[in-house]
**Q** 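Starting off with a structure, shown below.
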Amino acid sequence: MNNNNVEIPYSLILFLLDIREEQRKKSVIMPLRDIVKKYLESDNYDEEGRNFLFDENGSFNSKNYLEAQKELFKYSKFN
């Protein structure tokens, strides 16, 4: 749970951790659209994650995505 009391789906956190590791190994930074596309195609994608990342009109919720990215700091090896 983050500061805004928005529950970040665990499936999304797992996916973002995998992406972060993939980017680290390849020394690349993937564009956001590619990350979202990979998530939508991944085994981690679920309704909870979709509802978190997209609003009722299907528009991407960048604020929630940034909250999920902030949550990843809790899982950092450097903390």
**Q** Please check if the number of heavy atoms outside Glu47 that lie under 6.0 Å from its CD is greater than 12.
**A**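 Counting other residues, nucleotides and ligands, CD of Glu47 stays at 12 neighbours or fewer.
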**Q** Hey, is CD1 on Ile29 packed in by over 12 heavy atoms from elsewhere, all under 6.0 Å?
**A**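 Result for CD1/Ile29: open.
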**Q** Check this for me: does any side-chain nitrogen of one of Glu71 and Lys74 sit under 4.0 Å from a carboxylate oxygen of the other?
**A**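 Yes, this pair counts.
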**Q** If you count heavy atoms of other groups shown closer than 6.0 angstrom to CG of Asp55, is the number above 12?
**A**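 Atom CG in Asp55 is crowded, with more than 12 foreign heavy atoms closer than 6.0 Å.
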**Q** Picking from Lys25, Arg24, Lys26, what satisfies salt bridge (Lys or Arg N to Asp or Glu O under 4.0 Å) with Glu22?
**A**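 When salt bridge (Lys or Arg N to Asp or Glu O under 4.0 Å) is applied between Glu22 and each of Lys25, Arg24, Lys26, only Lys26 qualifies.
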**Q** Return the orientation label for the Tyr65 and Phe60 ring planes: parallel under 30°, perpendicular over 60°, tilted otherwise.
**A**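 Rings of Tyr65 and Phe60: tilted, 30 to 60°.
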**Q** Heavy-atom distance under 4.5 Å between the side chains of Leu12 and Asn44, does that happen here?
**A**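 In short, these two side chains do not touch, never coming nearer than 4.5 Å.
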**Q** Heavy-atom distance under 4.5 Å between the side chains of Val36 and Phe54, does that happen here?
**A**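 In contact.
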**Q** How many angstroms lie between CG in Leu72 and NZ in Lys70, if you round to the nearest 0.5 Å?
**A**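 Reported value, rounded in 0.5 Å steps: 12.0 Å.
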**Q** I want to check something: taking the side chain as every heavy atom from C-beta on, are Tyr45 and Pro9 in contact at a cut-off of under 4.5 Å?
**A**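 Answer no - side chains too far apart.
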**Q** Hey, could you give me the OG/CG distance between Ser59 and Leu53, rounded to the nearest 0.5 Å?
**A**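 One finds 12.5 Å between OG of Ser59 and CG of Leu53.
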**Q** Tell me the closest heavy-atom pair linking Tyr39 and Ser11, and the distance in Å.
**A**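 Heavy-atom minimum between the residues: OH-OG, 3.6 Å.
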**Q** Which distance, rounded to the nearest 0.5 Å, do you find between the CD of Gln69 and the CD1 of Ile13?
**A**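 Between Gln69 CD and Ile13 CD1, I get 8.0 Å after rounding to 0.5 Å.
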**Q** I want to check something: taking the side chain as every heavy atom from C-beta on, are Lys38 and Phe15 in contact at a cut-off of under 4.5 Å?
**A**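 The answer is yes, as the side chains (C-beta and beyond) meet within the 4.5 Å cut-off.
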**Q** Using the side-chain contact (heavy atoms from CB on, under 4.5 Å) rule, take Asn61 and Phe52 through it: C-alpha gap first, then chi angles, then the decisive distance, then the call.
**A** CA-CA 8 Å; Asn61 186 327; Phe52 181 80; over 6 Å; no
**Q** Treating Glu67 as the side-chain partner and Ile8 as the backbone partner, does any N or O pair qualify as donor plus acceptor under 3.5 Å?
**A**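 Here the side-chain-to-backbone pair does not exist.
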